[in-house]
Amino acid sequence: MTGYLLRRLAGALAVVLVLTAVVYATFYIAPGDPARLACGPRCNPEQIAQVRAQLSLDDPVHTQYWHFLQGLVTGHDYSTGAGVLHCDAPCFGLSYQNNQQVTDMLVERLPATASLAVGAMAVWLLLGTGTGLLSALRRGGITERVLTWLTLAGTATPVFISGLGLLMLFCAYLAWLPFPTYVPLTDDPEQWAWNMLLPWAALGLLESAKYARLTRSSLLETLAEDHIRTFRAYGATERSLVGRHALRGAVAPVIALSAADFGSMFGNAVLTEMMFGLPGIGQLLVHATTTLDLPVVVAVVTVTGTAVVLANIVADVLHAAADRRVVLR
Amino acid sequence: MTPQPLVAVDGLSVAFPAGPGPEAGSHPTAGLVRAVDDLSFTLRPGAALGIVGESGSGKSTAAYALLGLHRGTGAHVTGSVRVAGHDVQAADDAALRRLRGGTAAMVFQDPLSSLDPYRAVGDQIAEVHRLHHRGASRRAARARAAEVLDRVGIPDAARRARLRPHEFSGGMRQRALIAMALACAPRLLVADEPTTALDVTVQDQILGLLRELREENGMGLILVTHDLGVAADSVDELLVMKDGRAVEHGPVRDVLGAPREPYSRELLAAVPRITERRQRPAGADADGEVLLEATALRREFGRGKQTVTAVEGTSLTVRAGETVGIVGESGSGKTTLGRMLVRLLEPTGGELYYRGRSIGGLKERELRAFRSELQMVFQDPVSSLNPRRSIGESIADPLRAAGKLGEAQIVGRVRELLERVGLDPAAYHRYPHEFSGGQRQRVGIARALAPEPKLIVCDEPVSALDVTTQAQVVRLLGELQRDLGIALVFIAHDLAVVRQVSDRLVVMRGGRIVEEGPADDVYERPRHAYTQALLAAVPTLERPATTAGHGPAA
Amino acid sequence: MTDPITTQEPETGAAPVSGARQVWRRLRARRSALAAGAVLGLLVLLALAAPLLAALEGQDPNTYHDALVDSARGGVPFGDLGGISAEHWLGVEPGTGRDMFVRLLYGARVSLLVALGATLVQILIGLGVGLAAALGNRFVESALGHVTDVMVAMPLLVFAIALMAVVPADFPRPVLLVIAIGLLQWGGMARLVRAQTLSLKKLDFVSAARLTGGSTWRVARRELLPSLAGPVITYAAVLLPTNIVLESSMSFLGVGVKAPTPSWGHMLSSATTWFRADPMYVLLPALMLFLTTLAFTVLGDGVRTALDPRAASRLSVGTKRRTARTSSARGAA
């Protein structure tokens, strides 16, 4: 097990290295002149040259990439005309917009994204697996038909449509909830929860439809296996067949997917943040993209990519823990 | 005489909705397939009945009906089934659950998939025990589980009870399933092909165990099997089924000794006898040209610590026109060896010569010149033909790849080949799913014949077939060899089938050859202890059922 | 060891898939799939005929009609239901007064074009990489395996958004979207093709084909590709609605199709400021997008069950069938 984890982590490190190389190449080498972007539209050639020197853009490409990696591990010092700007250890550089440390900007945006993700995850794990189990157990009935179509509709709805619908219904017409504005949990937990309610619902409902479908088919598949037949042939009740024998095998792939699906979840979180104006990492990314703030874009992509790689390892370990037949190698 | 029979089946019919498809979905009553048709039999307490038949005869379906396992599956069950006085059809769900396990317990074919992979074997047995002994504590149930595991011959049972099924060997798993039945102390044991997934030596042990337990506990036994030899060894009465109907029913000696019905006679005649010498015109032996010579052949799979050696230090010669039989149990490396001989696999060590030329290390491209001369017939008639290509196209493939013949000639040759293997030449454009298993195997043979090979390796060519079909395919191979002078390497686990075709025999175990010699010598005077054990374990029709006539020892 | 068929249904499970005709028949028997197919057929027809229908209505997608919106109220269309009239069949856009009917039709063109194009790119790359990984030597296999892992790990939407920061502004956006989505999201397809090919490779008919002396490519073309068609189509049917949603998501975020090209996602994004005053402006594109995705999803489900009827029968009858194929199917899901 330890050996497996070490091997997987080494593999993950390799993947992350490739990822950063691709990202670096895509964003710092391909677009031509980052100095012009960093400096802004009204710079004269001298200013651009100055920025160029400051960002060491005249070094060979591999040296630049090496400095980028170095910055990630040890931090980086930028010499400006006036003095030295220090960028702390996981250094993704300084924002082109305001010279703020990109890492600080990420940390600042993290609570909103985490609030959204954790709450929505709770919604979809409970609602999704619950609905899936219910529809598998009520096979052939009207409940199943209704649930099947509901989950189908859920998977077909993009998050910005469900978000718009919720906003229109609860904020505009019924006026039960205020238009969401983000209140940090540490400031006022109650307001935080009230304001997060709609984002959680929008993201959670959407994902729970997917999990409901998966749970349902996974449980039905497990119930069709031979060992279930054995216990049925020894007089076990249907309830104990599901509870004791089928559930564990059925939940294994659901667990695996919930971790492995982190990437697409993140994409939907970006949409939700934009939809509800949550000051999270997704909003930061979209803003940085439209203002061509490359260090921020690179940082977000690297961090989310790494998170996804790690989530995949967690997924495999959890899957193996839940399903003994899966061999880790 | 017991007044009440243990099992009384009267006019049982079971029908399934025909295949998954639109028709079945829209008209639930139309298109039923009758798997069991008007079946009646009784079993006295403590007696043993064998239900034998080929695939599709409805034998398993009938056995499932004894425990009411068709309930809730969409199957239509009519007629009456009484087990120990309980009407299975009329019983409510709770009564049926009491009956299942408590009165009649079932042992399934595939012991691995029939156990819950996530839970310890002992816990599973304890759970089943508690289902039928409401008062039993967890601790008592665990103790009982260890006790029955010990009874079925699992060494160190108390410790092994804590292991999960995948940590057991195949034979131990089947013992554990029998132990599970034992834990409920049922009056009837229904065993559905309990030894089909097992090696012959393990099969022998399991059948012995079933016999012992029956004598010890006075359990009734219904043994469902396709293997007449297995049944002959273990039951008092035999019920022969065909197409869902009972063909013949009587004491095992009578049915096997003097079958009344033509189908029983046919079935019996088709069973290969291990004592029967090969019928073969003399003269074709011994001094043919050496086609294939393997010396110290070796094959490993995997890398590093996980390396498994499948075949090691194996030397073998195959002469033109002769048949070399290779027998061995699962994991003996016989299939790996066969695949190396035709160079589907590259040997990791040793030398392989075809007509004096080393072909062991040749690359795929360099092998093309030899491909047509070394062919193979595969085990599984389903996966050995591409389901998306017509059988004519599959057979024509080697001819087209060679590129020597024109289109019309190719089609003509394929028709010839189809006729040669006993199929309708007009079947060129039909697809594999339109054929039965035996017919598909004939197509496979025709495909192997197409490039006019010198040698064909047959890897378990008949083991997926019913016994009557088996006999026909074996006969066909014999004829082809006589007419075309092809050398055959015949790989099988079934020693009786191999004897029917082989001139020389090779016995493999654990990747090595343990004995080799002229077939009759090896069968009649086996030198190696393993060969002796293997031969002794083969169930035969000639050995009369030892328990027949014995009353239950209850 | 051997395993004579002793399951109850005689001769089931014999042929894995039996001909395109049977698949078509099974698909046709599913009413939901038929309805979805009809909806999509209509949509494609409408999208193709967009210029024609626009001419019929007498409008074009980009002309402003300032007279039709109430500048005093910030640009809400005059009249009921977003200004539906004989000239503007589905009303006009708030603020600009552009014709909704024509813009929705042209939006369908963008959606379908981008989704189909991206799916095609994904299929091609996935097939190529998957086949090469399954048939190539150890080095090729591990290299492609790692590349695929990286691709699967990429948070797609995040990457696609980020890409827009470095692409020249004058690059045609729909093409860019096709490339971005196609190039970023082939990992799943490659894994599926690789897993399927590896399990097909173990089947005896592929060994038999090797014994004919044909080249590797000949074997792949004749034996593997036809058998891969089923799983690839099934997976493509899952990718299509995903791609539609991706395109509209990116347009919604302002990094997709550029104005004034009509796009449903873009309309929805502007609609966030109008939903109180002009709900029609939200409802129309939302409905189009929802119906399209739903239809693709339903059709995808239908295709899957038609190609693998055992899955369907397992779901409807479902007690005594053995399911051996778990890992590969789950890996692809």
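Here is how names work: the chains are called A, B, and so on, in the same order as the sequence lines, proteins then strands, and each is numbered from 1.
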Which atom of A:Ser240 lies closest to which atom of B:Glu127, heavy atoms considered: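 Closest approach of A:Ser240 to B:Glu127: OG-OE2, 4.3 Å.
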Minimum-distance pair of heavy atoms, taken over all atoms of B:Met106 and A:Tyr234: O-OH, 3.0 Å
When rounded to the nearest 0.5 angstrom, what distance separates [atom1] in [X] from [atom2] in [Y]?
| X | Y | atom1 | atom2 | result |
| --- | --- | --- | --- | --- |
| B:Thr73 | A:Arg229 | OG1 | CZ | 12.5 Å |
| A:Thr230 | B:Gln124 | OG1 | CD | 8.5 Å |
| B:Ser113 | A:Glu225 | OG | CD | 8.5 Å |

Polar side-chain atom of A:Arg232 near backbone of B:Leu69 as donor-acceptor pair, under 3.5 Å: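 Flag not set: sc A:Arg232 to bb B:Leu69 has no pair under 3.5 Å.
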Contacting moiety of B:Ala94, where chain A heavy atoms sit under 4.5 Å: neither
Side chain to side chain, A:Arg244 and B:Asp116, heavy atoms closer than 4.5 Å: no
Within-4.5 Å side-chain heavy-atom neighbours: A:His227 and B:Arg119: no
ring-ring contact (aromatic ring centres under 6.0 Å, His included) contacts touching residues 175-197 of chain B (sequence neighbours left out): none
Listed once per pair and sorted, the salt bridge (Lys or Arg N to Asp or Glu O under 4.0 Å) pairs that draw on residues 142-161 of chain A, sequence neighbours left out: A:Glu144-A:Arg216
Closest-packed option against chain A by number of heavy-atom pairs under 4.5 Å, given B:Leu115, B:Leu67, B:Leu177, B:Val107: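 Sorted descending by pairs with chain A, the first entry is B:Leu115.
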CZ (B:Arg138) with more than 12 external heavy atoms under 6.0 Å: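 Atom CZ in B:Arg138 is not crowded, with 12 or fewer foreign heavy atoms closer than 6.0 Å.
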